[in-house]
Amino acid sequence: MTCPICHIRKEKRFCLALHDRICPQCCGEQREVTLECPSECPYLQQARQHEKPRDFGGKLPEEMFPSVEITQDFLHRNEPLIGGLLQTLLRLAVADRQLIDRELLGALTAMARSYQTLVSSGLVYQEASANPAQLAIIDVFRRSIDEFRAVEQQHLGYTALRDSDVLKGLVFIIRLATLHTSGRPLSRAFIDGLQEHFPQAGAAGEANAATGSRIILP
């Protein structure tokens, strides 16, 4: 039997995306490019073990907001914010098994640009290029940030979280995701990596999804 993708080489691997057997070359070339590979695919997992974080030569590209400075002190002081944003991300991934790194990055980038404009000029700006799926992700993150501020107001009597802090938190996650995604169109490397490191957050997200609860910051 020949591979159903190339119709040339012999099929040798069972593809969980196609539920059919394909050749190793097509598996490697089309993995997370045209094939929506599930996270449990052993060939995908094996390939990720040999992938290294992307290297940009010490200079951050524009999509990683190089003008935004993020220090260790900022990360230490804003650990609850960063942790809350990551948990929101994980719960989004649990609620939508089709969510990919590129879609998430698009939403976070649009949101970060909006906050960058707000911080620099005070103007409320929304990226017109964001698609409906990205807008839905942005809405979840905005509600989470609003709830974070509400908790601060309740416990402190005032809101300490600044818009500039939110911007830096978003940019930190954008940089993290950009470094750890494979760069392939359908990659979930960053999302899957977070779920492996924080399985408890994923389990909590499944419970919320099962009960129909909204995704919120803890």
Side-chain angles (χ1 to χ4, degrees), residues 17 32-39 54 56 60-68 70 78 81-149 161 163-195 198 201-202 204-206 208-209 212-218:
E32 293 187 315
V33 177
T34 61
L35 297 175
E36 297 182 5
C37 307
S39 304
R54 301 167 75 188
F56 297 98
L60 296 178
E62 285 301 314
E63 60 265 27
M64 295 175 74
F65 296 84
S67 63
V68 178
I70 300 175
N78 290 275
L81 171 67
I82 301 296
L85 291 175
L86 288 174
Q87 287 195 39
T88 297
L89 184 162
L90 285 166
R91 292 169 187 171
L92 272 170
V94 168
D96 181 4
R97 298 288 186 178
Q98 303 303 311
L99 182 63
I100 58 177
D101 293 344
R102 176 171 290 189
E103 200 74 75
L104 178 68
L105 270 167
L108 291 175
T109 298
M111 192 172 178
R113 285 176 180 159
S114 175
Y115 269 93
Q116 194 172 43
T117 301
L118 180 62
V119 170
S120 62
S121 67
L123 297 176
V124 177
Y125 166 76
Q126 178 64 57
E127 280 276 310
S129 60
N131 62 39
Q134 292 175 356
L135 290 174
I137 295 171
I138 291 171
D139 181 63
V140 172
F141 272 94
R142 287 194 184 281
R143 286 190 285 114
S144 295
I145 291 167
D146 288 343
E147 290 167 2
F148 188 99
R149 283 180 162 139
L161 182 63
D163 291 330
S164 59
D165 295 331
V166 176
L167 170 61
K168 291 180 180 180
L170 293 170
V171 169
F172 172 75
I173 296 176
I174 288 170
R175 291 177 184 175
L176 196 65
T178 304
L179 287 170
H180 290 89
T181 188
S182 69
R184 290 187 288 269
L186 302 178
S187 174
R188 283 177 50 91
F190 172 63
I191 293 172
D192 288 344
L194 281 181
Q195 290 178 320
F198 304 104
E206 288 180 346
N208 284 343
S213 301
R214 291 196 303 124
I215 299 171
I216 62 172
L217 286 171

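Counting heavy atoms from C-beta on, the side chains of Val68 and Arg175 come closer than 4.5 Å. Looking at Leu89 and Phe190, their side chains come closer than 4.5 Å, going by heavy atoms from C-beta outward. When side chains are defined from C-beta on, Val166 counts as touching Arg149, because their heavy atoms get closer than 4.5 Å. Residues Lys168 and Asn78 are not in side-chain contact: their nearest non-hydrogen atoms beyond the backbone lie 4.5 Å or more apart. Within the 4.5 Å cutoff, side-chain heavy atoms of Phe141 are placed close to those of Leu108.
Considering all non-hydrogen atoms of both residues, Leu167 and Ala112 come closest at CD1-O, 3.3 Å. Across all their heavy atoms, Leu85 and Gly169 have their closest contact at CD1-C, 4.1 Å.
Checked for salt-bridge contact, Arg142 and Asp146 miss the test: no charged N lies under 4.0 Å from a carboxylate O.
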Name the atoms and distances for all side-chain donor-acceptor pairs under 3.5 Å in residues 182-189, with sequence neighbours left out.
unit_1	atom_1	unit_2	atom_2	d
Ser182	OG	Arg184	N	3.2
Ser182	OG	Ser187	OG	3.1
Arg184	NE	Arg31	O	3.3
Arg184	NE	Glu32	OE1	3.4
Arg184	NH1	Glu51	OE2	3.1
Arg184	NH2	Glu32	OE1	3.1
Arg184	NH2	Glu51	OE2	3.0
Ser187	OG	Asp101	OD2	3.3
Ser187	OG	Thr181	OG1	3.2
Ser187	OG	Ser182	N	3.4
Ser187	OG	Ala189	N	3.1
Arg188	NH1	Arg97	O	3.3
Arg188	NH1	Leu99	O	2.5
Arg188	NH2	Asp192	OD1	3.3

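Ile174 contributes atom CD1, which lies 4.0 Å from atom OG1 of Thr109 (distance to the nearest 0.5 angstrom). Taking CG of Leu60 as the start and CG of Leu179 as the end, the distance is 8.0 Å to the nearest 0.5 Å. In this structure, OG1 on Thr178 lies 5.0 Å from CE on Met64, to the nearest 0.5 angstrom. Here the CG atom belonging to Leu194 is positioned 11.0 Å from the CD atom belonging to Gln87, to the nearest 0.5 angstrom. Considering CZ of Arg113 and CZ of Phe65, their distance stands at 5.5 Å, rounded to 0.5 Å.
Checking side-chain atoms of Ser120 against main-chain N and O of Thr117 turns up a donor-acceptor pair under 3.5 Å.
For the residue pair Arg91/Ser144, the side-chain donor-acceptor check at 3.5 Å is not satisfied.
For CD of Glu63, the number of neighbouring non-hydrogen atoms (other residues, nucleotides, ligands) closer than 6.0 Å is greater than 12.
Glu103 pairs by the side-chain hydrogen bond (donor to acceptor under 3.5 Å, both in side chains) definition with Asn131, Gln134, not counting sequence neighbours.
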